[in-house]
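Since the structure comes first, as structure tokens, the remarks are kept for the end.
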Amino acid sequence: GHVVETDRLVRRVGHHREAEAAYHSAFELSGKQHNLLGQIYCLLGLAATAQESGDPAASAAYLDRAGTLMDPRAPSENPPRMSRALVLSRLPAQATAALIQGRLDIVAGRYGAARIQLGRAVADGHPAVVHSATLAITEMQLRTGDAKGAEENARRTLARAIALQGGLQYSTNTGHSYLKLARALHQLGDVEQARVALTSAVEHLSNTVDEEHPLLVHVVLHRAVHLG
């Protein structure tokens with residue numbers, strides 16, 4: 001409904017504070033309506049928003065709460081209209097949780113655990129989850145010295161992001177993919193092409209996220225430190 005569409009909009013433009021407030025409001029509303037699935041997705045949204053804001057501790061806490069609700073054995077004060085097992089077999093809640101956990105594992109340097117979680121996310125097959133998981137895998141490759149693999153994945157996510165951009169002039173996903181590609185090319189020693197990709201990343205991100213968004217801060221710092 002309207003709340004969901006509003007939330008999608010604020011998430012798309014990178015307004016984390018507004019997104020967080022929207023998720024909290026929607027979570028309360030879902031609780032009043034005994035909508036278990038709605039509560040699960042609000043918690044997953046809060047986990048993702050906290051993660052993007054650079055707060056892994058809060059992200060892990062929200063993810064843990066979502067995991068409790070997703071456990072079919074967990075007691076419920078208000079019987080859901082559908083069983084948890086049925087809900088979770090039809091919608092990518094578990095894949096989304098695996099994606100967020102995989103990202104948390106990467107930040108913590110738990111690359112083996114991250115591979116398992118991101119593998120689960122990709123196996124789900126949900127296009128948006130697969131795209132985000134591939135970006136996370138690219139980040140792990142950049143951190144572990146697999147620059148060639150990172151370049152291939154970055155080009156794959158970039159092509160998909162551009163295809164999904166539609167009539168929009170700028171896209172956060174496109175900017176994120178360009179940033180990954182720039183970092184991979186820089187690791188491979190192709191500084192000139194890295195500079196081109198980084199310029200595109202700045203163009204997209206500066207037009208789609210807040211100035212204090214960690215992604216934009218990162219890309220500006222990367223340009224200053226590595227490419228001048």
Side-chain angles (χ1 to χ4, degrees), residues 8 11-12 37 40-54 56 59-60 62-72 84-166 171-185 187-188 197 201 204-205 214-215 218:
R8 284 176 181 166
R11 283 292 308 285
R12 186 181 303 135
L37 184 62
I40 290 171
Y41 274 105
C42 287
L43 288 170
L44 290 174
L46 284 164
T49 301
Q51 189 171 62
E52 291 175 8
S53 299
S59 179
Y62 285 126
L63 188 60
D64 186 61
R65 288 175 62 189
T68 299
L69 290 182
M70 285 191 285
D71 187 346
R84 287 178 172 83
L86 178 62
V87 167
L88 297 174
S89 68
R90 293 187 174 182
L91 293 159
Q94 288 175 319
T96 302
L99 167 64
I100 297 169
Q101 183 60 58
R103 288 171 171 167
L104 289 172
D105 288 335
I106 290 173
V107 172
R110 299 187 296 262
Y111 300 125
R115 287 188 185 92
I116 293 171
Q117 294 293 343
L118 295 174
R120 289 172 181 165
V122 170
D124 178 86
H126 188 278
V129 176
V130 171
H131 178 83
S132 295
T134 304
L135 277 173
I137 290 168
T138 306
E139 176 64 28
M140 183 164 57
Q141 290 170 319
L142 287 167
R143 293 187 181 211
T144 56
D146 182 10
K148 190 60 182 173
E151 181 199 5
E152 292 171 0
N153 270 328
R155 291 192 185 282
R156 190 175 298 120
T157 60
L158 177 60
R160 176 165 181 75
I162 291 173
L164 292 175
Q165 204 170 313
S171 159
T172 303
N173 280 335
T174 301
H176 199 174
S177 298
Y178 269 124
L179 174 57
K180 293 281 194 277
L181 179 59
R183 291 170 60 199
L185 290 169
Q187 283 189 16
L188 290 167
H204 281 271
L205 293 174
L215 195 56
H218 180 77

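Among all heavy-atom pairs drawn from Tyr41 and Ala93, the shortest one is OH-N, 3.0 Å. The minimum heavy-atom distance linking Leu179 with Ala201 is given by the pair N-CB, 3.7 Å. Residues Ala147 and Ala184 share a closest heavy-atom pair of O-CB, 3.8 Å. Minimum heavy-atom separation, Ile40 to Ala66: O-CB, 4.3 Å. Across all non-hydrogen atoms, the minimal contact from Thr134 to Thr138 is O-OG1, 2.7 Å. The two residues Ala133 and Ala121 come nearest to each other via the heavy atoms CB-CB, 4.0 Å.
Using a 4.5 Å cut-off on side-chain heavy atoms (C-beta onward), Gln117 and Arg103 make no contact. Ile106 places a side-chain heavy atom less than 4.5 Å from the side chain of Leu118. Contact of the Lys180 side chain with the Leu142 side chain is registered, since non-hydrogen atoms from C-beta on lie closer than 4.5 Å. Between Glu151 and Leu181, the closest side-chain pair of non-hydrogen atoms falls below 4.5 Å.
Taking CG of Asn153 as the start and NZ of Lys148 as the end, the distance is 12.0 Å to the nearest 0.5 Å. Of the inter-residue distances, the one linking Asp64 atom CG with Ser59 atom OG reads 11.0 Å to the nearest 0.5 angstrom. The CG atom of Leu205 sits 9.5 Å away from atom OG1 of Thr174, with the distance rounded to the nearest 0.5 Å. To the nearest 0.5 angstrom, Leu135 atom CG is 11.0 Å from Arg160 atom CZ. To the nearest 0.5 Å, atom NE2 of residue His131 and atom CG of residue Leu164 are 7.5 Å apart. Distance check: Tyr62 OH to Cys42 SG gives 11.0 Å after rounding to the nearest 0.5 Å.
Legend: residues meeting salt bridge (Lys or Arg N to Asp or Glu O under 4.0 Å) with Asp105, ordered by chain and number and at least two apart, are Arg110.
For Arg143 and Glu139, the salt-bridge test passes: some basic side-chain N is under 4.0 Å from an acidic carboxylate O.
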